[in-house]
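Scroll down for the structure; my scribbles are underneath it.
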Amino acid sequence: MSRGRSTRIIHPLTRSSRKFQSLATPIYRGSTVVFDTLAEASERHGDPEQYRYGLAGTPTSRELEIRLAEIEGASQVLLVPSGLAAISLVMLGLAKAGAHILIPDNVYGPTRRLGQTFLNRFQVAVEFYDPLIGEGIANLIRDTTALVWTESPGSITMEVQDIPAICAAARAKGVPVAIDNTYGAGMLFDSFAAGVDVSVQALTKYQAGHGDLLMGSVATRDDKLGKRLAADHKTLGLGVSPDECALVLRGMATMPLRMKHIGAAALDVALWLKAREEVESVLHPALPDCGGHDVWKRDWNGSAGIFSFVARDWSRAQVETFVDALELFKIGFSWGGPVSLVFAYEGLPRPTPEQGDRLVRLSIGLEDVEDLKADLDQAFARANAL
Ligand SMILES: *Cc1c(COP(=O)(O)O)cnc(C)c1O
């Protein structure tokens with residue numbers, strides 16, 4: 001029986017050859033995964049290595065997971081639609097009603113909001129601690145503590161945490177430690193060697209590297225913990241697009257080169273800023289003004305492109321004039337792409353509430369460093385003239 005045209009378009013009699021091997025990872029799109037028999041569908045059930053439904057992964061997303069696991073030395077990586085989704089997966093996965101979670105006080109703003117709103121609604125007690133507490137974390141751990149969250153360096157004020165000391169103290173009490181490892185991108189800091197149980201990253205930043213997509217990852221080494229988070233990942237329905245996985249794979253090929261360049265350029269600009277009259281302090285992990293600088297020297301093998309400086313004696317109007325006068329540095333959130341960015345947060349309570357209003361955060365991109373300095377120089381002149 002000959003089939004109609006619509007049917008033949010959808011079920012073609014012949015297909016192009018699949019024998020094609022390029023060096024790029026193919027983009028496999030698909031919600032439905034088909035099986036030859038019902039028996040095969042049930043055989044694949046519960047086997048995470050097998051494809052069963054697009055939400056649980058495609059060969060494209062698997063390839064990205066494998067490469068990320070290799071960089072971080074993880075045994076499992078889960079991909080989620082954003083860095084923030086990676087954070088919420090870990091928090092929701094490890095918390096339960098009545099539990100207590102410790103979060104550093106300088107944490108990425110949306111992580112704080114997640115703790116204060118969502119987790120509170122489910123009767124999870126969230127306590128914020130001094131990021132430089134080190135082994136002193138032991139005194140804050142309760143019988144109900146389900147997770148110690150860390151982020152190093154911390155957002156905006158860049159404090160470097162003593163992760164080995166925090167992990168040792170938490171391990172002694174059987175409490176898992178998670179790190180927001182976005183700054184190091186799995187390249188500059190070996191979080192698993194330092195003792196963490198879960199390493200979370202915003203791939204949005206250096207892995208994607210071009211400011212054109214959002215994605216996050218949750219890496220684990222422990223099988224039991226990995227299985228638990230994988231089950232919650234599935235339950236919550238956190239899938240990612242294969243097209244975006246392919247873009248991250250493309251970005252990762254140049255990540256070491258980009259990070260090397262950006263790290264050196266950012267340090268160059270940071271030292272240049274430190275020598276300026278207008279600058280009170282430069283909060284860059286490789287500089288002594290930064291909290292935890294000694295820990296950085298001990299534990300890290302480099303620095304990345306984002307840091308802040310506190311201007312001396314500037315009014316808020318001068319801060320705003322400086323930021324608005326910049327031409328190459330664009331005003332915007334996120335970082336890790338080719339374009340340098342700037343932001344100044346109003347009412348920031350850190351390092352002190354008074355200094356917070358004079359803090360400017362810079363993210364160094366791939367422009368010529370001398371042009372970036374010239375841009376900063378003309379903006380300083382505009383702010384000074386006020
Ligand atoms: C950007 C960022 C995130 C969130 O990543 P998104 O992909 O933008 O959700 C989390 N943590 C840190 C430290 C970040 O800088």
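Residues take their numbers from the sequence shown, with the count starting at 1.
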Check step by step if side-chain contact (heavy atoms from CB on, under 4.5 Å) holds for R62 and Y51. CA-CA 10 Å; R62 261 316 123 69; Y51 300 106; 3.2 Å; yes
Let's go through T157 and E159 carefully: what are the C-alpha distance in whole Å and the side-chain angles of both, what is the deciding distance for side chain to side chain donor-acceptor pair (under 3.5 Å) to 0.1 Å, and is it a yes or a no? CA-CA 6 Å; T157 38; E159 293 86 348; 2.9 Å; yes
Trace of the side chain to side chain donor-acceptor pair (under 3.5 Å) decision for T117 with R113: CA-CA 6 Å; T117 58; R113 190 176 62 227; 5.7 Å; no
In sequence, state the C-alpha distance, the side-chain angles, and the governing distance for E278 and Q318, and then conclude on side chain to side chain donor-acceptor pair (under 3.5 Å). CA-CA 11 Å; E278 300 93 335; Q318 281 177 296; over 6 Å; no
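R52 contributes no side-chain N or O that, together with a main-chain N or O of V33, makes up a donor-acceptor pair within less than 3.5 Å. Although no hydrogens or angles enter the test, the distance criterion places no donor-acceptor pair under 3.5 Å between the side chain of T254 and the main chain of L257. Formation of a donor-acceptor pair under 3.5 Å by the S363 side chain with backbone atoms of L341 is not found in this model. A side-chain donor-acceptor contact under 3.5 Å links K330 to the backbone of E327. Side chain of R258 to backbone of Y206: a donor-acceptor contact under 3.5 angstrom is found. Without hydrogens or angle criteria, K173 side chain to A138 main chain gives a donor-acceptor distance under 3.5 Å. Here the side chain of R228 pairs a donor or acceptor atom with the backbone of G93 at under 3.5 angstrom.
Around the CZ atom of R312, the shell of radius 6.0 Å holds more than 12 heavy atoms that belong to other residues, nucleotides or ligands. Summarising the local packing, CD of Q50 is surrounded by more than 12 heavy atoms from other residues, nucleotides or ligands at distances under 6.0 Å. Other residues, nucleotides and ligands contribute only 12 or fewer heavy atoms inside 6.0 Å of the CZ atom of R5. Residue R276 qualifies as enclosed at atom CZ: its count of foreign heavy atoms under 6.0 Å is above 12. Applying the 6.0 Å contact sphere to OH of Y28 captures no more than 12 heavy atoms from other residues, nucleotides or ligands.
Residues I331 and W314 are members of one and the same hydrophobic cluster, defined by side-chain heavy-atom contacts under 4.5 angstrom among Ile, Leu, Val, Met, Phe, Trp and Tyr. Connection of L247 to L214 is not established within any shared hydrophobic cluster, with ILVMFWY side chains joined at heavy-atom distances below 4.5 Å, either directly or through further cluster members. Hydrophobic clustering of Ile, Leu, Val, Met, Phe, Trp and Tyr side chains at less than 4.5 Å, counting indirect connections, keeps I141 apart from W149. Cluster annotation: L78 is not connected to I71 through the hydrophobic network of ILVMFWY side chains, with a link wherever side-chain heavy atoms come within less than 4.5 Å. Connection of V177 to L119 is not established within any shared hydrophobic cluster, with ILVMFWY side chains joined at heavy-atom distances below 4.5 Å, either directly or through further cluster members.
The OG atom of S88 sits 5.5 Å away from atom CG of L114, with the distance rounded to the nearest 0.5 Å. To the nearest 0.5 angstrom, K227 atom NZ is 9.5 Å from D222 atom CG. Considering CG of L372 and CD of E367, their distance stands at 5.0 Å, rounded to 0.5 Å. Distance check, rounded to the nearest 0.5 Å: CG of L359 to CG of L348 gives 6.0 Å. Once rounded to the nearest 0.5 Å, the distance linking CZ of R250 with NE2 of H210 reads 7.5 Å.
Taking a cutoff of 4.0 Å between a charged side-chain nitrogen and a carboxylate oxygen, R298 and D162 qualify as a salt bridge. Salt-bridge annotation for D197 and R171: present, with a side-chain N of the basic residue lying under 4.0 Å from a carboxylate O of the acidic one. With salt bridges taken as basic N to acidic carboxylate O contacts below 4.0 Å, one links E370 and K373.
Partner Y183 forms a ring-ring contact (aromatic ring centres under 6.0 Å, His included) with one of F307, W300, Y108, W296 and no other, that one being W300. None of W335, F329, F333 except one satisfies the ring-ring contact (aromatic ring centres under 6.0 Å, His included) rule with F343; the exception is F333.
At a threshold of 4.5 Å between non-hydrogen side-chain atoms, the residues M158 and H284 do not count as touching. D289 is not listed as a side-chain neighbour of V310, based on a closest heavy-atom distance of 4.5 Å or more. Using a 4.5 Å cut-off on side-chain heavy atoms (C-beta onward), L102 and T145 make contact. Contact annotation: the side chain of L376 approaches that of W272 to within less than 4.5 Å [non-hydrogen atoms, C-beta and beyond]. Residues I66 and V77 are not in side-chain contact: their nearest non-hydrogen atoms beyond the backbone lie 4.5 Å or more apart. I163 places none of its side-chain heavy atoms less than 4.5 Å from the side chain of S191.
In this structure, R112 satisfies the cation-pi test against F128, with its NZ or CZ atom closer than 6.0 Å to the six-membered ring centre and inside 45 degrees of the ring normal.
Under the 3.5 Å distance criterion, with hydrogens and angles disregarded, a donor-acceptor pair is assigned to the side chains of E72 and Q201.
Residues M187 and N301 share a closest heavy-atom pair of O-OD1, 3.4 Å.
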